[in-house]
Amino acid sequence: MGVHGANLLQSAARRRALLLTLALLTVCYTWSSVRRLADLTQVEPELPAGAAAGGLLQRAEANIASHLHGAATFRGVVTGGAAGAAGEQQQKQPIVLKQQEQQQQQGAAGGGSGTAAGGAAAGGAAAGGKARPAVDPSKCNMKKNTDYWGDALVWGNNHKVDSAGECCAACLAYKPKSKDDTDCNVWVYCEDPKLCGEHHRECWLKHLAHPSAVAPAKQGPDVGWTTGLMADVPEPATSDETVGGPERKYHVVITAAGSAVHWQSRVAYYWYKKIQKQCEARGNCQMGGFTRLLHTGQPDDLMKEIPTWVAQPLPPEHPDHGYIVLNRPYALLQWVKAVTIPEKYVLMSEPDHLWLKPMPNLMKGENPAAFPFFYIEPAKKEYRKIVETFLGPLTTKEAEQIAPIGNAPTMMSWEDMKRVMPHFFNLSIAVHNDQAASKEWGWVQEMYAFTLACYKAGIRNIGLHLKMMSQPPWDEKLDPFYILHYTYGMDYTLEGVFTPGKYGEWRFDKRSYASKPPPRNLGEPPAGMKNELVRRLIHAINEATSKIPGWDDYERTGVATQLWDGVV
């Protein structure tokens, strides 16, 4: 080989090395973006002001956009044409990404990344290509034109069968390699030849830690997949056990401190009172009293407008290091130790929860009911050692009994709340002071502390209700939600086109009003904007600011000199 040939080889090698480096950097950047999703959650009054806030918020908007609208990159969702939700990751890039933060709740779509335990023949379920016996469809819980997330156990691109029933049978027959491995409780089959294209007959076997906490990845007439949920995912019960009468009333408590949630608390209380009045007009209403838990140690100007209990901030021996949310568990602990309430049950809520319609007591018997957050993943393998630091050794089954929730919104009995709050406070301090836990869980560490506290207090069977709360702009329809949580920025063009991750020509973000309240008559969203929840939010804030007296002066000064009398 001549010098010229050797130079060509060296040049080609350099190009390959450069391309490999760029690919690795892309993967690392993608992973980092998903990991920073914690910056988006439950940080409402604690975000920094000024320039620091701008950088964090822009990153937050970009992250949530990539999480929910760039799913093809992270979870293998096919976004165009015939495939549905199972193959684009195979088409566009090798599946080399580690299991993402959101996989166990909303996991790996159709064929997304995950642990392909045993490959196509794992546990013998996918081996041999033999026809399987017919399965009673009632055991398969089939959902047509539906694709679901999940950790991949058997990859469908190497596992093709002839019917949805056969795919269901494969899931039933799947055998984990060891007692601590997960079983198959979700399967997806690409049934429609026209919609599925090259993915036709693919059968993916999967596992979800909490199937009832997960909404479909895709659903509708243009989705060629059929899904089966082998675990029972019941709708919220509506029997006397959960609806009942006055004995099932719940007390609502919100925690608050600072100017950002000052105006939010007023809007929240206005809408709670208005929806409560509607609830009482219907009869058999279970919406009870309301308490604003103010953890500043000092009364403020809303004491006579909103029923308020003043808690002390954290003592000096437990500094929050700027993580103000750490005051929440301490305030709740003080409250349950010091007061009595007429209701038997409590709903922990937050100032940026806006009530949409009357909500019954969603608890089944005495078991708590809560909204599941996809980013709270106590059963995640990467977190097992951290979780065991606080709870001791756990099997996979035990880890999956830890619910993917935070304290709000969560309903529980007053007696359970009194049992959980000491653990909540102690674990919130312990998690905050643990370097690994604090680093991994970031701004949602207090939420992890709450669900670990429930487990430590012996509470296992927590009902998970996706319909309890909406989170626009990602959720769009008013029904079937009870509460609207306005924590994310909402960006649209003047034509009404959603621009996730990019500041819109029309924009609403509560953090724009962190130091002073919003004005009356916020601008109407663009006429072409189709998101019902965003429009309802703007109308709801406008109504509250028009009914609460003296709002114009309040907007200028941030001080409430005229108070609302609570009459709707």
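- Trp355 pairs by the ring pair (Phe, Tyr, Trp, His ring centres under 6.0 Å) definition with Tyr272, not counting sequence neighbours.
- You'll find the side chain of Leu347 stays beyond 4.5 Å of the side chain of Val253, heavy atoms only.
- Sorted by first and then second residue, the salt bridge (Lys or Arg N to Asp or Glu O under 4.0 Å) pairs with a member in residues 471-490 read Lys477-Glu532; sequence neighbours excluded.
- Applying the salt bridge (Lys or Arg N to Asp or Glu O under 4.0 Å) criterion to Asp553, with sequence neighbours excluded, gives Arg556.
- Under 3.5 Å, the side chains of Glu191 and Thr226 contain a donor-acceptor pair of N or O atoms.
- Pro378 has its side chain out of reach of Tyr383: every pair of non-hydrogen atoms, C-beta onward, lies at least 4.5 Å apart.
- By the side chain to side chain donor-acceptor pair (under 3.5 Å) test, Asn327 pairs with Asp320, sequence neighbours left out.
- Annotation: side chain of Arg536 is in contact with side chain of Leu478 (closest heavy-atom distance under 4.5 Å).
- In this structure, Asn407 contributes its side chain and Met447 its backbone to no donor-acceptor pair below 3.5 Å.
- For Phe371 and Phe373, the ring centers sit closer than 6.0 Å to each other.
- At least one donor-acceptor pair closer than 3.5 Å links the side chain of Thr410 to the backbone N or O of Gly406.
- Every residue two or more places apart in sequence or in another chain was checked for a side chain to side chain donor-acceptor pair (under 3.5 Å) with Lys304, and none qualifies.
- Remark: the backbone N or O of Pro518 is not paired with any side-chain donor or acceptor of Trp263 at under 3.5 angstrom.
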Please report the C-alpha distance between Glu305 and Arg266 in whole Å, then the side-chain angles of each, then the deciding distance to 0.1 Å, and finally whether the salt bridge (Lys or Arg N to Asp or Glu O under 4.0 Å) criterion is met. CA-CA 8 Å; Glu305 179 174 288; Arg266 303 186 83 184; 2.7 Å; yes
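- Remark: Asp300 engages Arg292 in a side chain to side chain donor-acceptor pair (under 3.5 Å) (not counting sequence neighbours).
- There is no side-chain donor-acceptor pair under 3.5 Å between His485 and Ser470.
- Annotation: side chain to side chain donor-acceptor pair (under 3.5 Å) contacts involving residues 537-550, sequence neighbours excluded, comprise Tyr270-Glu543, Lys274-Glu543, Glu524-His539.
- Checked against side chain to side chain donor-acceptor pair (under 3.5 Å), Thr255 has the following partners two or more places apart in sequence or in another chain: Arg328, Glu350.
- Arg248 places a side-chain heavy atom less than 4.5 Å from the side chain of Tyr345.
- Under the rule for a ring pair (Phe, Tyr, Trp, His ring centres under 6.0 Å), the partners of Tyr492 that lie at least two apart in sequence or sit in another chain are Phe498.
- Using modelled atom types, one side-chain atom of Arg535 and one backbone atom of Met529 make a donor-acceptor pair closer than 3.5 Å.
- Side chain of Asn141 to main chain of Gly228: no donor-acceptor pair is present (N/O by atom type, distance under 3.5 Å, no hydrogens or angles).
- At a threshold of 4.5 Å between non-hydrogen side-chain atoms, the residues Pro526 and Thr493 do not count as touching.
- Not counting sequence neighbours, the partners of Tyr554 by the ring pair (Phe, Tyr, Trp, His ring centres under 6.0 Å) test are His262, Trp551.
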Which donor-acceptor pairs under 3.5 Å do side chains of residues 560-568 form with protein atoms, sequence neighbours excluded?
unit_1	atom_1	unit_2	atom_2	d
Trp564	NE1	Val567	O	3.3
Asp565	OD1	Val567	N	2.9

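- Among residues two or more places apart in sequence or in another chain, the side-chain contact (heavy atoms from CB on, under 4.5 Å) test is passed with Pro307 by Tyr269.
- Residues Trp443 and Gln445 have side chains that never bring a donor and an acceptor to within less than 3.5 angstrom of each other.
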